[in-house]
Amino acid sequence: MVDIFENLNSVQREAVETIVGPLLILAGPGSGKTRVIIHRIAYLVNICGVSPRHILAVTFTNKAAREMQERLCQLSSITGNGITMGTFHSICAKILRVDGGPIDIKPGFVIYDQSDQVALVKRCLAEKNLEAKQFSPSAVLNHISAAKSHSLGPQEFIRQGRSYFEEVVGRIYERYQEILKASNALDFDDLLMRTTELFSKHKDVLAKYQNRYLHVMVDEFQDTNLVQYALVKMLSAKYRNLCVVGDPDQSIYSWRSADIRNILNFEKDFPDAKVVTLAQSYRSTKTIIDSASAVIASNKQRKPKKLHTENTQGRPITIIETYNEQEEAQYVVSEIERLISQHDAKLSDMAVMFRTNAQSRALEEAFVRYGMPYKLVAGTRFYERREVKDIIAYLRLIHNTADDISFMRVINTPLRGIGERTVAELSSFAKKEELPLYDAIERIRLTPESELKLFSPRTRKLLFDFHEMLTGLRESAANQRLTVFFDTLIQRIGYKEYLLASSNGEERWDNIIEFQAVVQEVGAEFEPSEALSTLLERIALVSDVDELKETSETVTLITLHQAKGLEFNTVFIVGMEEGILPHFRSFDDPAQMEEECRLCYVGITRARNLVYLVRAFHRSMMGGYSTNPPSRFLKEIPPSLTTGARPWKTEQPVIRRRERDIEWEMDTEYELEDQLPELMAGDAVTHHRFGNGIVVDTRCENGDVSVIVNFSDVGVKKMSLRKARLERVD
DNA sequence: AAAGCGTTTATTTTT
DNA sequence: TAAACGCTTT
């Protein structure tokens, strides 16, 4: 057998050998965290004789789970099998399928993703005749999701609601849950919240899992939310062998309710916890570690942690200033070209990282122009493409006819002449009868026409045909192999013809073909009775990073968020500007600014050898353009560690923008000069209605000057400088 | 019911 | 700029 302690340093070894009681592992980037987790499991199984089925390991992506599984099997085949390993969501989904009964969850439930959630909120808004303008569906959804992340049900949320807005959200939330229940559906947040509900209401079920999992491990603990922490505490309460691994400096998902305090509270909740700090990096050069440390050191709310390495000093960080985003992209491509021809670098060992998806555009153009292979870790994810979602909606509806959101999506896709009015009438009928939409059609058909004066004969026929088609498809699904059924479905609804007739038809059809590959995989493995539900489960819980294959020879284009956990030899971070990184939406909130800083830290520490920090002087943004000063994070890096453009001195304050004012003065009527405050990005202003805010950008548009202000109460607003009476506050 | 036309609005997105 | 949205026309 392989020596489990081979190649472990003393701290890592300590972490591996601590198997009893609570354990917190603080692991810096590249400190061998995954290695420790794997070796610890191997130690538990192979040395201590713990059965793999008594181990629960939670990861943050499916990919991480898969990789861990693979590495375990490499280490020893007996270790790998039988461990419960997966994301919080997939583990909870499994628990609820098996044991959800006591809290009224039927095993066949479907899982709603983000776009389904938005659709559902919209439906609730429409039902309540609320203006989508005033209550933006995504804002409402964010509040609902945040409530769920704190285990607050609708009632509790309403009870503690503080503002009018929250009161309304509470009512929407209530209805939202009703519809979910009636549709036999759970959203992502429900998977977690309802599992904690199950555990707290039914101690026998909890006991079953507590007895099984003698050892619980959680990776990426800094990005867990309160429900997830609650789950972990419940599951490990009996044996208290709980090991959490994380790095507060890499917490970048607070906007998804991840709570950095979990990691800080851990020691309070478990006073006897042992804390092990892995501070030696095996990944990056000394220069990279020192630069990243300098960047993160500017965060105030942070336990200082000294990362070190015995690796070589390495090359300095290259800082580049380009004219605009095209030149920026061009620089990246030509530098990659140079590294390949002069230093024998591999494309697959390089990544270009950015803060916002919009930035990928200029990059892609340059890569295409140069004919350099690249892989964009998608902005719109595969399973969220319209055509793929359409088909998924059909599959779900066939699997679970109560799924109203899917029903709504497909009833007129492809177009079959059933319009808005008909759907509205049908759904109010369904609501009155408390029936799913699918069953409502059946009810209409069975009710004598004299009793029910609904719909014209033509419309009735259309509805009945649709219903009949679905019934037929349900039968096919039950009998045919999944692959065959899939073809039946596509053909029956005429989807190919429909797609090819639309714009980008070919491309969209190709996506269906790609989807078919996944279907084939599942179809080959499962009998018709199980295949459909397996397929739906599989596609509900995967992300794009999961699908990222390292094999192909291409450069990776990826957002900083998605890059977490990955590593490359060479990393380019583009858009190192105020307004991009840090993003302007974070300007007025110190806590969010610290998260921007961590994002930068995560990016830099993905690199083993080379880091390029690139910025553009001038960049198109939202139709106009803006001239962003260099990112404040650049200033933090000691000049001795950098090379390349560094025209500003470190002592100099951040340059604030004013360039466009030349145009502005020409276009603006002069008498305004005295009355209007001369504003620039970063200025604090006050507005008679919107309150206080920070100027994010000023720009000329058709002779008028618009100011974009991020108000602390109402968010970002764009307004005419001439009309809006903004006052500067000092 | 569906196409057409202005208007609006722009982070990040493990699941 | 461009895409998504909602209103109006056909």
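To find a chain, count down the sequence lines: A is the first, B the second, and so on, and within it residues start at 1.
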Does [N] have OP1 or OP2 under 4.0 Å away from a side-chain N or O of [X]?
X	N	result
A:Asn357	B:dT11	no
A:Asn225	B:dT14	no
A:Lys564	B:dT12	no
A:Asn142	B:dT13	no

Just by distance, no angles: are the side chains of [X] and [Y] close enough, under 3.5 Å, to form a donor-acceptor pair?
X	Y	value
A:Gln592	A:Ser586	yes
A:Glu328	A:Gln326	no
A:Tyr601	A:Asn299	no
A:Tyr253	A:Asn225	no

Without decimals, in angstroms, what is the distance between [X] [atom1] and [N] [atom2]?
X	N	atom1	atom2	answer
A:Glu67	B:dT14	CD	C1'	14 Å
A:Glu325	C:dT1	CD	C1'	11 Å
A:Arg385	C:dA4	CZ	P	13 Å
A:Phe587	B:dT12	CZ	P	16 Å
A:Asp589	B:dT12	CG	P	18 Å
A:Ile411	B:dA2	CD1	P	12 Å
A:His89	B:dT14	NE2	P	11 Å
A:Arg598	B:dT12	CZ	P	18 Å

For a quick check of understanding: with a heavy-atom distance under 4.0 Å over all strands, which category does [X] fall into, base, sugar-phosphate or nothing?
X	result
A:Thr422	sugar-phosphate
A:Asp113	nothing
A:Arg361	sugar-phosphate
A:Thr559	sugar-phosphate
A:Ile252	nothing
A:Arg355	base

### Query
Would A:His583 count as stacked on B:dT11 if the rule is ring centres under 5.5 Å and plane angle under 30°?
yes
Item to complete: Would you please determine if the base of B:dT12 is stacked by A:Trp255, with stacking meaning a centroid separation under 5.5 angstrom and planes under 30 degrees?
Response: yes
Can you tell me which nucleotide in [options] comes closest to the side chain of [X]?
X	options	value
A:His561	B:dT14, B:dA10, B:dT12	B:dT12
A:Leu415	B:dA2, B:dT14, B:dT13	B:dA2
A:Gln114	B:dT14, B:dT11, B:dT13	B:dT13
A:Arg256	B:dT13, B:dA2, B:dA10	B:dT13
A:Arg458	B:dT13, B:dA2, B:dA1	B:dA1
A:Gln562	B:dA2, B:dA10, B:dT13	B:dT13

query = Which whole number of Å gives the distance between the P atom of C:dC5 and that of B:dT12?
reply = 16 Å
Less than 6.0 Å separating the ring centroids of [X] and [Y]?
X	Y	result
A:Tyr229	A:Phe221	yes
A:Phe464	A:Phe455	no
A:Tyr498	A:Tyr495	yes

Closest to the 5' end of DNA chain B, once A:Glu420 and A:Glu595 are matched to their nearest nucleotides, is A:Glu420
